[in-house]
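First the structure, in the form of structure tokens, and then the observations on it.
First the proteins, then the strands, lettered A, B, ... as listed; each starts at 1.
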Protein chains: 2
Amino acid sequence: MSEVPQLRIGEVAKRSGLAASAIRYYESEGLIRKPARRSGQRVYDESVLDQLALIDLAKGAGFTMAEIKKLLSGFARRTPPGERWRQLTTAKLAELDARIAEAERMKTVLRKVMRCHCPTLDDCSRALRKAQPG
Amino acid sequence: MSEVPQLRIGEVAKRSGLAASAIRYYESEGLIRKPARRSGQRVYDESVLDQLALIDLAKGAGFTMAEIKKLLSGFARRTPPGERWRQLTTAKLAELDARIAEAERMKTVLRKVMRCHCPTLDDCSRALRKAQPG
DNA sequence: ATACGACCTCGAGTGCACTTGAAGTCAAGG
DNA sequence: CCTTGACTTCAAGTGCACTCGAGGTCGTAT
């Protein structure tokens with residue numbers, strides 16, 4: 001007779017570090033299973049913390065809500081997790097590489113403007129258009 | 001008597017590659033100078049293209065509207081551009097480095113989940129919490 | 001009985017950088 | 001004269017991932 005701990009949303013919030021509103025939001029978006037209710041209130045068992053941890057991991061990997069939703073329920077029922085991850089991850093890796101390349105490009109621009117010696121911003125603007133004609 | 005070319009907003013949009021609505025928006029936000037009007041319509045001279053190019057450069061360097069506004073009008077009137085750029089750029093470079101580090105971190109997570117062999121996502125979730133206790 | 005605290009739902013608000021839509025003005029062309 | 005097309009203003013909408021507020025319910029403690 002081991003008693004399964006029953007958690008209300010406030011407790012789940014505390015343990016997961018999320019706001020209660022976020023947990024309700026995830027439920028409304030179908031990212032976590034709908035818990036039982038006791039007199040109207042949500043009653044969770046501890047497995048919800050695992051589900052939330054998975055969502056947190058996916059968020060930490062840069063996935064959007066829509067992508068996490070797809071990960072969780074956008075595949076044929078018995079598609080194994082590895083397969084699910086790999087499909088989403090391939091595109092995301094490319095996206096991250098693009099993001100990094102973009103940031104590097106920005107850094108190049110920044111290093112260039114830091115060396116600016118124009119007397120006024122208008123000169124700056126004009127210099128720009130002369131430097132990059134077309 | 002060289003005639004200065006007078007451009008209406010549609011022409012500026014075409015030459016700058018921006019939407020007319022974006023140009024009006026920049027004006028309303030104080031990013032570009034208010035042009036003359038002829039029977040209600042905006043009439044630009046070519047210098048607006050320089051101003052827009054500068055904004056485009058700044059956007060390309062990752063600056064927000066607010067930061068560009070500060071660059072253009074958030075300093076004592078005779079602060080030279082080089083000084084303006086340097087003040088904003090220092091913080092932005094750090095931000096970009098953080099962005100890159102974050103993306104690298106995400107890539108690490110992704111490479112890890114790609115090797116997942118869990119039979120179900122629930123196993124995945126549970127594995128997560130066991131792996132990172134606290 | 002009543003106050004309290006934690007929960008409930010639903011709709012609206014947040015920030016960013018614009019875009020879209022409605023309703024109106026203007027000059028030129030047929 | 002009337003249409004056409006480019007322009008005008010102003011308010012509201014977009015996407016994301018939630019948060020916030022109002023107004024109401026529930027069980028427990030006083």
N/O to N/O distances under 3.5 Å, protein versus nucleotides 1-7 of chain D:
| unit_1 | atom_1 | unit_2 | atom_2 | d |
| --- | --- | --- | --- | --- |
| D/dC7 | OP1 | B/Gly10 | N | 2.8 |

Side-chain donor or acceptor of B/Arg86 paired with backbone N/O of A/Met114 under 3.5 Å:
yes
Under 3.5 Å donor-acceptor, A/Lys92 side chain and A/Gly62 backbone:
yes
Taking any heavy-atom pair under 4.0 Å as a contact, classify B/Arg38: base, sugar-phosphate, or nothing.
nothing
Under-3.5 Å N/O pairs linking protein and nucleotides 28-30 of chain D:
none

Other hydrophobic cluster members with A/Ile100, side-chain heavy atoms of Ile/Leu/Val/Met/Phe/Trp/Tyr under 4.5 Å, chained?
B/Ile100
Below 3.5 Å, can you tabulate the donor-acceptor pairs from side chains in residues 28-40 of chain A to any protein atom, sequence neighbours excluded?
| unit_1 | atom_1 | unit_2 | atom_2 | d |
| --- | --- | --- | --- | --- |
| A/Ser28 | OG | A/Tyr25 | O | 2.7 |
| A/Arg37 | NH1 | A/Gly40 | O | 2.8 |

Presence of B/Tyr26 side-chain N/O under 4.0 Å of C/dA17 phosphate oxygens OP1/OP2
no
Only counting residues at least two apart or in another chain, list the ones meeting side chain to side chain contact (heavy atoms under 4.5 Å, CB included) with A/Arg15.
A/Leu7, A/Glu11, A/Glu46, A/Leu49
Donor-acceptor pair, side chain of A/Arg105 and main chain of B/Ala61, under 3.5 angstrom:
no
Between B/Asp123 and B/Thr120, do the side chains contain an N or O donor and an N or O acceptor separated by less than 3.5 Å?
yes
In whole angstroms, the gap separating P of C/dA17 from CD1 of B/Ile68 amounts to 8 Å
Classify the nucleic acid contact of B/Ser39 as base, sugar-phosphate or nothing, counting any heavy atom under 4.0 Å across all strands shown.
sugar-phosphate
Secondary-structure stems for DNA chain C, with pairs counted as Watson-Crick or G-U when both distances are under 3.5 Å and runs at least 3 long:
C:1-30 with D:1-30
Strictly distance-based, threshold 3.5 Å: is any side-chain N or O of A/Arg126 a donor or acceptor partner for the main-chain N or O of B/Asp50?
no
Taking only N and O in the side chain of A/Lys59, is any of them less than 4.0 Å away from OP1 or OP2 of D/dC18?
yes
So which heavy atom on B/Arg99 is nearest to which on A/Met106, and how close?
NH1-SD, 4.0 Å
Given DNA chain D, 5'-ward residue of the pair A/Ala22 and B/Arg37, judged by closest heavy atom:
B/Arg37
Is a donor on one side and an acceptor on the other found under 3.5 Å between the side chain of B/Thr79 and the backbone of B/Phe75?
no
